[in-house]
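Scroll down for the structure; my scribbles are underneath it.
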There are 2 protein chains.
Amino acid sequence: MASRREVAELAGVSEATVSRVLNGVGPIREETRRRVLEASERLGYVPSALARSFARSKSGNLGVVLPYVPKAHLFSAYFFSEMLSGIGSKARDNGLDLLVMFQTPGEVMNYTDLFRRQKIDACIILGARYDHDELAAIQQLDREGHPFCVMNQHFTGESFFEVDADHVEGSRLAIRHLTDQGYRNITFLNGPYSYSNSQERMEGVRLGLQQAGMELDPSLLLEGNYSRRSGIEAAAIIAERLHEIDAVFAANDRMAIGVMHGLRERGVRIEDFPAFVGYDDSDAAEMAVPALSSVRVPFFEMGEIAVSKLMHPAEALQSPRTLLPTELIVRASSSSRFRA
Amino acid sequence: MASRREVAELAGVSEATVSRVLNGVGPIREETRRRVLEASERLGYVPSALARSFARSKSGNLGVVLPYVPKAHLFSAYFFSEMLSGIGSKARDNGLDLLVMFQTPGEVMNYTDLFRRQKIDACIILGARYDHDELAAIQQLDREGHPFCVMNQHFTGESFFEVDADHVEGSRLAIRHLTDQGYRNITFLNGPYSYSNSQERMEGVRLGLQQAGMELDPSLLLEGNYSRRSGIEAAAIIAERLHEIDAVFAANDRMAIGVMHGLRERGVRIEDFPAFVGYDDSDAAEMAVPALSSVRVPFFEMGEIAVSKLMHPAEALQSPRTLLPTELIVRASSSSRFRA
DNA sequence: TTGTAAGCGTTATCAA
DNA sequence: TTGATAACGCTTACAA
């Protein structure tokens with residue numbers, strides 16, 4: 001572990017020049033540059049990121065806030081690992097390291113302190129809840145001018161940097177796919193209405209039905225909590241009305257699969273299943289039996305874009321909220337071929 | 001953003017005393033402590049983690065190295081998110097932040113530079129491959145005395161800190177479960193033999209069969225790469241010998257489910273399925289149809305223990321390699337009740 | 001083009 | 001029990 005001083009000595013220059021060469025700043029004679037690089041190479045000198053951060057008052061870290069996932073499994077790990085990978089890939093391109101933090105169940109994360117303590121230069125919030133305290137915490141972040149971006153959650157009336165997918169369109173596509181095939185009694189198993197996400201799905205469902213000349217039957221609207229278990233519970237209700245219900249659209253794959261399981265537990269055979277469309281197109285979708293049609297959400301790209309916004313805030317300000325397109329992936333669960 | 005200096009002034013003490021109070025070091029008069037805390041509170045003073053790290057030459061970060069997962073899906077996201085959660089939970093208890101890094105496909109990560117640059121104080125390697133370059137990189141880490149821990153991979157002949165699950169026992173349990181139910185022709189779909197993990201499973205299978213008075217039939221030994229696709233491919237072979245093969249033990253759930261899918265694609269009905277046991281007990285296991293029996297691996301706990309070892313190296317040195325117990329979870333795929 | 005030196009916000013040592 | 005002060009290793013004016 002050679003010091004910068006040694007490098008300077010060996011190269012016969014000042015320490016400042018070593019820094020200049022290594023940072024590629026300022027005008028430097030080619031000969032000097034070569035000598036420094038050589039010396040630094042020979043001594044195996046590696047500058048301390050710590051000292052550099054300190055001197056620049058920039059940590060070089062991008063904070064990523066994850067919700068409290070373990071054990072609960074409410075949300076799919078797929079969802080987060082894709083986004084995290086997208087964020088990681090773009091962060092690396094920008095020379096940023098990822099500092100990941102988990103939310104603690106009861107308490108609200110003190111986002112601003114992370115900045116004040118200078119642990120992070122910017123942050124991406126993945127598991128934002130939509131409640132008073134959380135909003136207040138994020139608003140403070142905004143007020144203090146810290147760069148941040150919220151994923152998968154829209155805060156109405158604010159103009160935070162947000163990256164989300166077009167769930168209105170995704171849901172509309174799902175519904176139209178079903179109505180186009182002649183399904184008329186479509187149950188919609190939504191997630192908690194407190195998520196902007198769920199609200200958008202609701203909107204898309206309404207739109208899709210309307211375009212098909214139909215209306216939402218409130219009795220066909222169910223609410224789960226995005227867990228498989230809640231899908232199983234919904235199956236109890238669906239099973240009872242199976243003579244009329246001919247299709248199920250669930251707000252995520254886990255619930256859709258939960259419903260399938262619930263029906264099966266109640267002795268409903270696959271041949272008698274209603275059509276199914278899920279949401280997220282997680283890897284569980286293709287593992288399901290029958291393979292589950294699902295609305296694909298570009299999680300990886302969403303992660304990349306969030307980082308881009310933070311790196312180019314000027315441009316991002318033009319449209320703080322980015323909505324990525326969703327796409328319907330049709331599989332056996334809703335294809336007429338299978339169902340015929 | 002008040003400075004320490006202001007706090008010192010307001011409290012009528014020196015800056016050094018402010019630090020002492022906030023760090024809880026040294027003897028301090030209660031009255032002074034109170035005044036400092038009060039002043040610091042009133043001014044909203046938050047010490048800079050950056051400056052602190054710099055002064056202490058400790059980043060306060062625990063590095064976590066993840067393999068390159070996105071898109072590939074070779075490994076289950078479940079696996080990593082559980083471990084990461086375990087690591088995160090224990091890291092938080094120890095006041096450490098998590099710096100996560102992804103491996104890049106082609107290149108070997110330069111672990112030592114992370115330490116030399118002082119980005120991290122210790123590190124946990126999750127996706128260690130077993131090849132020459134990787135081993136060399138890790139050996140260097142060891143040589144330079146940096147604290148690190150390898151998860152889920154054993155390097156024979158080295159005495160690195162390692163945390164793994166007892167895959168010999170897990171596999172033995174799986175096999176005994178099958179033999180106990182009278183299955184005689186058990187196909188074992190293993191992962192690449194280059195992983196220590198796969199080798200241990202092989203050993204467990206051998207042991208289990210031996211205890212049942214049987215021997216491994218080499219023709220019943222298949223090798224996949226832990227992906228669902230490789231399970232589907234294996235199904236081609238299994239389907240052909242379905243008249244003799246009565247059970248399948250796969251080295252992970254994804255492959256087990258892949259085999260199920262492959263068989264189904266080939267028109268094999270669930271009633272005619274062989275018994276199945278998978279491995280990892282990922283959430284996919286209970287979503288499978290039929291629900292997949294699987295060997296549970298305590299990923300979360302493994303993450304916690306890895307951090308503990310790094311925090312208490314003296315004790316960890318007693319037994320650098322920790323093997324956590326595995327457990328068989330029996331579900332419909334292998335239970336005689338279902339199969340009868 | 002290069003050197004000198006101030007400064008970054010702590011911690012930690014030494015005196016008092 | 002507290003204060004003064006020297007590190008810590010880098011960046012970055014400013015001078016030369």
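Chain naming here is simple, since letters A, B, ... match the order of the sequence lines and numbering starts at 1 in each. Owing to the predicted nature of the structure, the values given are computational and were not obtained by experimental measurement.
Atoms CG (A:L50) and C1' (D:dC10) sit 11 Å apart, rounded to a whole Å. For the pair A:E6 CD and D:dG9 P, the computed distance is 11 Å after rounding to whole Å. In this structure, B:E30 atom CD and D:dT2 atom P are separated by 10 Å, rounded to whole Å.
Counting 5' to 3', DNA chain C first comes under 4.0 angstrom of a heavy atom of chain B and last does so at the ends given by C:dG9 to C:dT13.
Taking the six-membered ring for Trp, A:F160 and A:F148 have ring centres closer than 6.0 Å.
In A:E31, the CD atom is crowded: over 12 heavy atoms of neighbouring residues, nucleotides or ligands sit closer than 6.0 Å.
Bending across the helix from C:dT1-D:dA16 to C:dA16-D:dT1, expressed as the angle between its end axes from five pairs apiece, amounts to 40° (10° rounding).
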Between the protein and nucleotides 12-16 of chain D, list every N/O to N/O distance that falls short of 3.5 Å.
residue: D:dA13; atom: N6; partner: A:R20; partner atom: NH2; Å: 3.0

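OP1 and OP2 of D:dT2 both lie 4.0 Å or more from every side-chain N or O belonging to B:T17.
Residues A:R5 and B:R29 both approach DNA chain D. Their nearest nucleotides, taken by heavy-atom distance, put B:R29 toward the 5′ side.
No donor-acceptor contact under 3.5 angstrom links the side chains of B:R4 and B:S48, judged on distance only.
Ring geometry for B:F299 against B:F79 counts as tilted: the plane angle lies between 30° and 60°, on a 0 to 90° scale. Aromatic ring orientation, B:F115 versus B:H146: parallel (interplanar angle below 30°, classes split at 30° and 60°). Between B:F54 and A:F54, the ring planes lie parallel to each other; the angle is under 30°, not in the 30° to 60° tilted range.
Among the heavy atoms of the strands lying under 4.0 Å from B:S48 are primed sugar atoms or P, OP1, OP2 only; no base atom is included.
Legend: residues meeting salt bridge (charged side-chain N to carboxylate O under 4.0 Å, His left out) with A:E107, ordered by chain and number and at least two apart, are absent. In this view, A:K90 satisfies the salt bridge (charged side-chain N to carboxylate O under 4.0 Å, His left out) rule with no residue, not counting sequence neighbours. Under the salt bridge (charged side-chain N to carboxylate O under 4.0 Å, His left out) criterion, B:R20 pairs with no residue, sequence neighbours left out.
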Passes salt bridge (Lys or Arg N to Asp or Glu O under 4.0 Å), A:R35 versus A:E38? Steps please. CA-CA 5 Å; A:R35 279 217 316 281; A:E38 202 170 332; over 6 Å; no
Checking B:N197 against B:N152 for the side chain to side chain donor-acceptor pair (under 3.5 Å) test, could you report, in this order, the C-alpha distance in whole Å, the side-chain angles of both residues, the deciding distance, and whether it holds? CA-CA 7 Å; B:N197 253 274; B:N152 238 282; 3.0 Å; yes
